[in-house]
Amino acid sequence: GAYTVDIGGIAYASTTPIRFIPQDKTTIFTVDSYEDRPAWNTRLNDNTFTGNMEVRYTPVTSKLWVINELTLEDYLRGVSEPLDSFNREYLMTAVVAERSYVYYHWLRGGRHKDEFLTLKNSRNNNGDDQIYQGYNFTQRAPHITEAVTATRGQIVSYGGNSVLTPYFSQSDGKTRSISEVWNYKQSDYPWLVGKDDPYSTGSLLGHGVGLSGKGARGFITNEGWDYRTVLQYYYTGTNITVVNTSTIDVRIGVYSISR
């Protein structure tokens with residue numbers, strides 16, 4: 001029923017979660033007990049993070065979570081959903097969709113509020129939120145950081161409200177409506193309808209709802225669409241609006257230990 005911290009052989013006990021707060025923003029935390037090694041180079045380990053770190057037990061799931069708490073914009077710099085080598089227009093498309101997704105859940109107290117988390121990083125069987133690989137990834141992906149900066153605060157909105165923005169890798173020529181895939185009430189999500197996806201063919205990779213990655217890149221390359229046009233096509237009837245994200249911190253579940 002208590003947390004114990006051992007620092008230099010001296011133990012401290014606390015009944016409240018343990019938080020590690022850096023003295024300045026240049027501090028980089030390394031979580032020695034966590035491994036996230038890219039398959040293409042297992043010598044790398046994405047176990048470093050900026051911001052604050054917290055260790056917290058969640059009674060609902062009986063898990064002890066390592067949580068990275070950082071600004072929303074800094075978080076996006078560590079999200080590795082698109083490849084850093086993709087063209088700039090697509091990276092901005094992907095980043096706005098990612099920002100909209102996390103902002104939508106943040107406004108509602110987090111997708112996993114019972115675990116005190118905004119989102120979980122979708123690595124090592126952590127679920128299906130967003131792939132987050134932290135500080136080391138940001139050092140390998142300067143173009144993603146540039147896309148985050150270029151679109152700062154931009155989100156997808158419908159009727160003046162932020163919206164849920166699912167996205168996936170590749171369709172079979174047509175995206176799916178949210179009611180078709182998840183049996184949600186379509187009238188609650190009018191921007192998530194099936195759309196023709198001519199530049200994405202082959203097997204369906206992903207759930208098929210919302211933004212098609214391969215299709216978006218096709219529209220950009222072949223039609224000269226900019227990122228706003230792409231987003232408004234896949235999220236029907238939406239606009240791109242700007243919100244103040246400078247004071248928003250998100251809480252990302254890095255990994256957990258089950259009791």
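Under the rule for a side chain to side chain contact (heavy atoms under 4.5 Å, CB included), the partners of A216 that lie at least two apart in sequence or sit in another chain are Y90, L211, V230, Y234. Every salt bridge (Lys or Arg N to Asp or Glu O under 4.0 Å) that R251 has, sequence neighbours left out, goes to E54, E69. Taking the salt bridge (Lys or Arg N to Asp or Glu O under 4.0 Å) definition, one finds that D172 meets it with R176, sequence neighbours left out. The side chain to side chain contact (heavy atoms under 4.5 Å, CB included) search around Q154 returns V96, R99, T151, Y227, R228, I240, V242, not counting sequence neighbours. Listed by chain and residue number, nothing satisfies the side chain to side chain donor-acceptor pair (under 3.5 Å) test with T145 (two or more places apart in sequence, or in another chain). For the side chain to side chain contact (heavy atoms under 4.5 Å, CB included) test, no residue two or more places apart in sequence or in another chain qualifies with T201. Residues satisfying the side chain to side chain contact (heavy atoms under 4.5 Å, CB included) test with P22, not counting sequence neighbours, are T27, F29, N52. For K174, the salt bridge (Lys or Arg N to Asp or Glu O under 4.0 Å) partners two or more places apart in sequence, or in a different chain, are D196. Residues meeting the side chain to side chain donor-acceptor pair (under 3.5 Å) test with T221, sequence neighbours left out: none. The salt bridge (Lys or Arg N to Asp or Glu O under 4.0 Å) search around E223 returns none, not counting sequence neighbours.
The shortest side-chain heavy-atom distance between I144 and P82 falls under the 4.5 Å cut-off. In this structure the side chain of D32 reaches within 4.5 angstrom of the side chain of T30, judged on heavy atoms. A 4.5 Å side-chain heavy-atom check between I131 and R123 finds at least one atom pair inside the cut-off. A 4.5 Å side-chain heavy-atom check between S246 and R152 finds at least one atom pair inside the cut-off. At least one side-chain heavy atom of Q130 sits less than 4.5 Å from a side-chain heavy atom of E81. E146 has its side chain out of reach of V95: every pair of non-hydrogen atoms, C-beta onward, lies at least 4.5 Å apart. In this structure, I67 and I252 have side chains that are not in contact, with every pair of non-hydrogen atoms separated by 4.5 Å or more. At a threshold of 4.5 Å between non-hydrogen side-chain atoms, the residues Y235 and V163 do not count as touching.
In the hydrophobic clustering of this structure, I155 groups with W106; members are Ile, Leu, Val, Met, Phe, Trp, Tyr whose side-chain heavy atoms approach within less than 4.5 Å, directly or through other members. Linking Ile, Leu, Val, Met, Phe, Trp and Tyr whenever their side-chain heavy atoms come within less than 4.5 Å leaves F116 and V66 in two separate clusters. Residues L64 and Y34 share a hydrophobic cluster, clusters being chains of Ile/Leu/Val/Met/Phe/Trp/Tyr side chains in contact below 4.5 Å. In the hydrophobic clustering of this structure, I178 groups with Y233; members are Ile, Leu, Val, Met, Phe, Trp, Tyr whose side-chain heavy atoms approach within less than 4.5 Å, directly or through other members. Grouping the Ile, Leu, Val, Met, Phe, Trp and Tyr side chains by contacts below 4.5 angstrom, directly or via other members, places V254 with F20.
Taking the charged nitrogens against the carboxylate oxygens, K120 and D129 have no contact shorter than 4.0 Å, which rules out a salt bridge. Salt-bridge formation is detected for the pair R140/D46: a Lys NZ or Arg NE/NH1/NH2 atom is positioned less than 4.0 Å from an Asp or Glu carboxylate oxygen.
Among N47, V31, D36, the single residue meeting the side-chain contact (heavy atoms from CB on, under 4.5 Å) criterion with Y255 is V31.
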Run the numbers on D128 and R111 for side-chain contact (heavy atoms from CB on, under 4.5 Å), then give the verdict.
-> CA-CA 11 Å; D128 61 351; R111 191 179 184 198; 3.0 Å; yes

Given the rule in the side-chain contact (heavy atoms from CB on, under 4.5 Å) test, do V250 and V102 qualify, once you have shown the distances and angles that lead to the verdict?
-> CA-CA 8 Å; V250 295; V102 64; 4.0 Å; yes

From CA spacing to verdict: side-chain contact (heavy atoms from CB on, under 4.5 Å), Q186, V193 | CA-CA 8 Å; Q186 188 64 56; V193 297; 3.7 Å; yes

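Residues N68 and Y132 bring a donor and an acceptor atom of their side chains to less than 3.5 Å of each other. With 3.5 Å as the limit, one finds no donor-acceptor pair spanning the side chains of D197 and T175. Defined by atom type and a distance below 3.5 Å, a donor-acceptor pair is missing between the side-chain atoms of Q170 and S200. Inspection of the Y103 and R108 side chains reveals no N or O donor paired with an N or O acceptor under 3.5 Å. Inspection of the T236 and K195 side chains reveals an N or O donor paired with an N or O acceptor under 3.5 Å. Side-chain atoms of N239 and T241 form no donor-acceptor pair, as typed in the model, at a separation below 3.5 Å.
Side-chain atoms of T245 never come within 3.5 Å of backbone atoms of I248 as a donor-acceptor pair (strictly under, hydrogens ignored). Although no hydrogens or angles enter the test, the distance criterion places a donor-acceptor pair under 3.5 Å between the side chain of T165 and the main chain of Y101. The main-chain N or O of T16 is found under 3.5 Å from a side-chain atom of S14 such that the two form a donor-acceptor pair. Of the possible donor and acceptor atoms, none in the side chain of T48 sits under 3.5 Å from a partner among the backbone N and O of I28. Distance alone, capped at 3.5 Å, places no donor-acceptor pair between the T42 side chain and the A39 backbone.
Taking CG from D226 and CD1 from I220, the interatomic distance works out to 8.5 Å, rounded to the nearest 0.5 Å. Atom CG of residue L91 and atom CG of residue D84 lie 6.5 Å apart, to the nearest 0.5 angstrom. Interatomic distance, W225 CH2 to L231 CG, rounded to the nearest 0.5 Å: 11.0 Å. Atom OG1 of residue T50 and atom CG of residue L70 lie 5.0 Å apart, to the nearest 0.5 angstrom. Here CD of Q232 is found 5.0 Å from OG1 of T238. Values are rounded to the nearest 0.5 Å. In this structure, the separation between CG on N121 and CG on L119 is 10.0 Å, given to the nearest 0.5 Å.
For residues 139-174, every residue pair satisfying the ring-ring contact (aromatic ring centres under 6.0 Å, His included) rule, not counting sequence neighbours, is listed here: Y158-W191, F168-H207. Residue pairs meeting the ring-ring contact (aromatic ring centres under 6.0 Å, His included) criterion with at least one member in residues 51-71: none, sequence neighbours excluded.
Less than 6.0 angstrom separates the ring centroid of Y184 from the ring centroid of Y189.
Within 6.0 Å of atom CG in N125, 12 or fewer heavy atoms from other residues, nucleotides or ligands are found, so the atom counts as exposed in its surroundings. In R88, the CZ atom is not crowded: 12 or fewer heavy atoms of neighbouring residues, nucleotides or ligands sit closer than 6.0 Å.
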